[in-house]
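Notes to accompany the following structure.
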There are 2 protein chains.
Amino acid sequence: MKLREFAQQLGLSPTTVSRALSGYPEVSEKTRKRVAEEASRLGYRPNINAVRLATGRAGAIGVVMGRSGEFHFSEFMGGLAERLGTEDIDILVSPIDDKDPKGEIQLYSRLAVSGRVDAVIVHSPEPNDERIALLHKLGMPFLVHGRSDIDVPHAWLDIDNEGAIRRATSHLIDLGHRRIAMINGRKGRTFSLHRDKGYRDALQARGIPFDPRLVAHGNFTDELGFRFARSFLEQTPRPTAFVAGSMMTALGIYRAARSMGLEIGREVSVIAHDDVFPYLTAENMVPSLSATRSSMRAAGARSADLVLQLLSGRPTEEVHELWPVELILRESTAPPPEDA
Amino acid sequence: MKLREFAQQLGLSPTTVSRALSGYPEVSEKTRKRVAEEASRLGYRPNINAVRLATGRAGAIGVVMGRSGEFHFSEFMGGLAERLGTEDIDILVSPIDDKDPKGEIQLYSRLAVSGRVDAVIVHSPEPNDERIALLHKLGMPFLVHGRSDIDVPHAWLDIDNEGAIRRATSHLIDLGHRRIAMINGRKGRTFSLHRDKGYRDALQARGIPFDPRLVAHGNFTDELGFRFARSFLEQTPRPTAFVAGSMMTALGIYRAARSMGLEIGREVSVIAHDDVFPYLTAENMVPSLSATRSSMRAAGARSADLVLQLLSGRPTEEVHELWPVELILRESTAPPPEDA
DNA sequence: GCGATAATTTAAAACGGTTTGGCAAAACAC
DNA sequence: GTGTTTTGCCAAACCGTTTTAAATTATCGC
């Protein structure tokens, strides 16, 4: 049913009906109520594409999905979708080929120009992120999940990676560890840099020299966790503790330690970052995994909120949110063995 | 820039330009080429919402995302997005609260009525799936990822769950196992039923009685894998082998076996289904995991293809695809120990 | 009860394309 | 050279809303 017919049945003009449904003040309460009732009775729904054309709004926000190791992606999306489910806003997913770094910037460009989204979310930014510069230049509203040092105003939601890793590392030092390895995320991403900084600062605060041979960067996969952990553990003296970037990395570290006959929580301590997944929990690992924790799903939900705020006019400079990260100690952390 | 202005610059009518860009035959090759060139030179792009309004097409396909344990979701989405990236079709993600089974059918209903999608993808169907009946009734094109026994024509893409599990189970029997436990997916889903059938048939073919105490159903989480495996292994006599529904389940089983001092690949054999994730690979587990394997990402990409075919008029009855599943034997499977 | 003001409602013009039906010009048959 | 097709292009109608500007009706002060 079209607006025209519907309005006719009500004995009103299309204008009034439209205003009534959109909650404009120029229509009397009585009329509004009648319109709302009849609409649900007769099942009238405005044609979404006509609305979008007329308003110039796309009614969607864009999310760019990387190709590799994005297991936290569905959690973030879940949160996003959860929050947006009640609004009339869609989520538009675009894929990006990780291997072609040029392609990504083009993709954002297309996304912005195409008018299919009202805003986009940028993930895993870099300190000087081209995408942010581009979106700002194009005037497309966007929220950064993470942060950037770039000299361009941008709204962001980030977790306190630096503080989390500083605390985790400090805790390991408190326990007596001196050789602490760090398996971090992809080089060049802001969150990796922040984590690096937290790690270094914690060491420095206790006068422990930084050893580049104990730090590795890479995607959050079980395989890299294993390979890096393995190569670190083959050094002499070997590290007595690990700080790791993800649950998958932690799985790899557990595996590596086990493959070398080392007992986690006694000979090797591990703290990893946990994004909180329903299908793999730090608490259930054996031994249970000490973790810095922050819910990816919650971040997704909040991101949706913030984007909506941006779209309804809240100034970019106001939208900065830094979330604290919990440190949860479990069995995988303990003082180093006597002989280490 | 609008079509009007663009056409004017070319000295053509909007009609001709529109046709030229859409590849209609009524326009000469020379003109078409000129239009295409100028379009990219001047950066003209049709307004997507105007196109959608005029054509009545939504230009998007819908995917409903469950809330729990959906770690394979991002892989499927990745495949989908990859294939759809080249088309002018968006992916629209809608969330569903798993706890409210009534909500899901309503969501599909809204999705279909709202006109925001041209087609939807239905996941993890049941033998008599309400959603399928609904979509058929509403005349909304849809592709089922999985299959249903329902008496309603539906296009589907499925993997041969039954055959895969039959082979896996048979292989374990060949190795000498007699007490084989099965940790399957959620009860009531077609794929779980198919796997159950494959399991039972394999047993029956060898005259091994079916023991309901060796079968469990539930979400694909590490935790459930652990709990079920643990309780099975506490039985006497205990099972000597496991067939499991997912990588996460396998992690749980590994953990359970280890927690009871049992060696996987010697005292306990395991075969799990592997959807192929970049961040967690069966080959890298210790011991490496024997698996039935089928790429979720490939299924996503192919699903996109099939949906496009449906939309361009291919009859539903023709769109049925059953994918064979590889069985890859690694270290986690071996003959049962002598004393078992 | 009248003019002024406020509260409602409406007709018509966007929004930016696609598509139908028609009309010249060019190509063809004879 | 005439009548018939075919080819290439165009004017106008249409898709279903929102929104602007104007018209109507209700309310109010006096």
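Below, each value reflects all heavy atoms present in this structure, side chains not excepted, and no hydrogens, waters or symmetry copies. Residue numbers begin at 1 in each chain, while the letters A, B, ... track the order of the sequences.
Side chain of B/R186 to main chain of B/N219: no donor-acceptor pair is present (N/O by atom type, distance under 3.5 Å, no hydrogens or angles).
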Please list every donor-acceptor pair under 3.5 Å in which a side-chain atom of residues 117-128 of chain A meets a protein atom from a residue at least two apart or in another chain.
residue : atom : partner : partner atom : Å
A/D118  : OD1  : A/A58   : N            : 2.7
A/D118  : OD2  : A/A58   : N            : 3.3
A/D118  : OD2  : A/G59   : N            : 2.7
A/H123  : ND1  : A/H145  : ND1          : 3.3

Can you give me every donor-acceptor pair (side chain of residues 308-321 of chain A, partner residue at least two apart or in another chain, under 3.5 Å) with its distance?
residue : atom : partner : partner atom : Å
A/Q309  : OE1  : A/R314  : NH1          : 2.4
A/S312  : OG   : A/L308  : O            : 3.2
A/S312  : OG   : A/Q309  : O            : 3.2
A/R314  : NE   : A/E318  : OE1          : 3.0
A/R314  : NH2  : A/E318  : O            : 3.2
A/H320  : ND1  : A/H154  : O            : 3.4
A/H320  : ND1  : A/W156  : NE1          : 3.1
A/H320  : NE2  : A/E317  : O            : 3.0
A/E321  : OE1  : A/R302  : NE           : 2.9
A/E321  : OE1  : A/W323  : NE1          : 3.0
A/E321  : OE2  : A/R302  : NE           : 3.1
A/E321  : OE2  : A/R302  : NH2          : 2.6

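The aromatic ring centroids of B/F142 and B/Y108 lie 6.0 Å or more from each other.
Between the C1' atom of C/dA7 and the NZ atom of A/K30 lies a distance of 13 Å, rounded to the nearest Å.
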*Where along nucleotides 9-19 of chain D does protein come under 4.0 Å, by heavy atom, of base (B) or sugar-phosphate alone (S), with - for untouched nucleotides?*
BBBB--BBBBB
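Using a cutoff of 4.0 Å between basic side-chain nitrogens and carboxylate oxygens, B/R41 and B/E38 are scored as salt-bridged.
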